Amino acid sequence: NKAKNVNVYSHHKKIMVNNPNKQKGRIKVINARTGKVIKDVPVAAETTTTIDTNTQAGTYVIVTTVDVDTTNTTVFLE
């Protein structure tokens with residue numbers, strides 16, 4: 001599963017995404033309380049991307065997709 005190779009973590013109000021795959025990916029940031037998608041961002045191959053959320057503190061679900069592989073990660077934004 002290529003999506004599981006992607007490392008996702010939060011730092012304050014930013015989400016860091018390290019994609020070691022040779023394929024680009026896509027990140028969706030979803031508010032866990034409301035279910036609303038607040039960001040939908042393409043992620044380049046073999047790079048680290050910083051996503052500035054500018055949103056309220058809370059728990060968010062990060063849906064990572066690479067090719068046809070998908071995985072979910074939960075992060076807390078301060």
Side-chain angles (χ1 to χ4, degrees):
N1 186 332
K2 295 174 187 168
K4 287 186 180 179
N5 294 336
V6 178
N7 184 21
V8 177
Y9 59 96
S10 64
H11 182 70
H12 300 288
K13 289 194 178 286
K14 295 182 180 179
I15 298 170
M16 313 301 281
V17 182
N18 179 12
N19 180 12
N21 295 299
K22 295 194 182 298
Q23 297 83 14
K24 63 183 179 179
R26 185 158 220 66
I27 298 291
K28 285 186 184 179
V29 181
I30 302 169
N31 184 312
R33 186 174 53 81
T34 65
K36 181 180 175 186
V37 176
I38 62 162
K39 291 278 183 177
D40 188 348
V41 181
V43 178
E46 299 177 310
T47 61
T48 298
T49 302
T50 301
I51 301 169
D52 195 356
T53 61
N54 288 325
T55 191
Q56 65 187 17
T59 304
Y60 292 82
V61 176
I62 312 302
V63 179
T64 306
T65 305
V66 178
D67 279 343
V68 296
D69 299 330
T70 301
T71 190
N72 297 335
T73 306
T74 304
V75 297
F76 183 80
L77 298 177
E78 297 176 16

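Predicted model, so just to flag it, every value in this text is computed and none were measured.
- The pair K13-E78 fails the salt-bridge criterion, with no side-chain N (NZ, NE, NH1 or NH2) lying under 4.0 Å from an Asp/Glu carboxylate O.
- Judged by distance alone, the side chain of N1 and the main-chain N or O of N5 form no donor-acceptor pair under 3.5 Å.
- The closest side-chain heavy-atom distance from T64 to T70 is not below 4.5 Å.
- No side-chain heavy atom of V17 sits under 4.5 Å from any side-chain heavy atom of T48.
- Between V41 and K28, the closest side-chain pair of non-hydrogen atoms is not below 4.5 Å.
- Looking at T55 and Y60, their side chains do bring a donor and an acceptor atom within 3.5 Å of each other.
- One distance of note links CG of N18 with OH of Y9; it measures 7.0 Å at 0.5 Å rounding.
- Contact check on K2 versus D67 returns a salt bridge, with a Lys/Arg side-chain nitrogen under 4.0 Å from an Asp/Glu carboxylate oxygen.
- Residues K24 and E46 form no side-chain contact, since every pair of their non-hydrogen atoms from C-beta on lies 4.5 Å or further apart.
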Check step by step if salt bridge (charged side-chain N to carboxylate O under 4.0 Å, His left out) holds for D69 and K4. CA-CA 8 Å; D69 299 330; K4 287 186 180 179; over 6 Å; no

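- Checking side-chain atoms of D52 against main-chain N and O of K14 turns up no donor-acceptor pair under 3.5 Å.
- Panel note: side chain T74, backbone V61; no donor-acceptor pair is recorded below 3.5 Å.
- No donor-acceptor pair closer than 3.5 Å links the side chain of T47 to the backbone N or O of T49.
- For the pair N21 (side chain) and Q23 (backbone), a donor-acceptor distance under 3.5 Å is absent.
- Nearest heavy-atom pair, V66 versus G25, reported as atom, atom and distance to 0.1 Å: CG2-CA, 4.2 Å.
- Annotation: side chain of T53 is in contact with side chain of L77 (closest heavy-atom distance under 4.5 Å).
- The closest side-chain heavy-atom distance from I27 to I51 is below 4.5 Å.
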Residue pair I15, V29: steps toward the side chain to side chain contact (heavy atoms under 4.5 Å, CB included) verdict: CA-CA 9 Å; I15 298 170; V29 181; 3.7 Å; yes

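- Looking at M16 and V8, their side chains never come closer than 4.5 Å, going by heavy atoms from C-beta outward.
- The minimum heavy-atom distance between S10 and F76, with the atom names listed, is OG-O, 2.9 Å.
- Note: the hydrophobic cluster containing V37 also contains V63 (ILVMFWY, side chain heavy atoms under 4.5 Å, direct or indirect links).
- Put simply, the side chain of I30 does not reach to within 4.5 Å of the side chain of I38, judged on heavy atoms.
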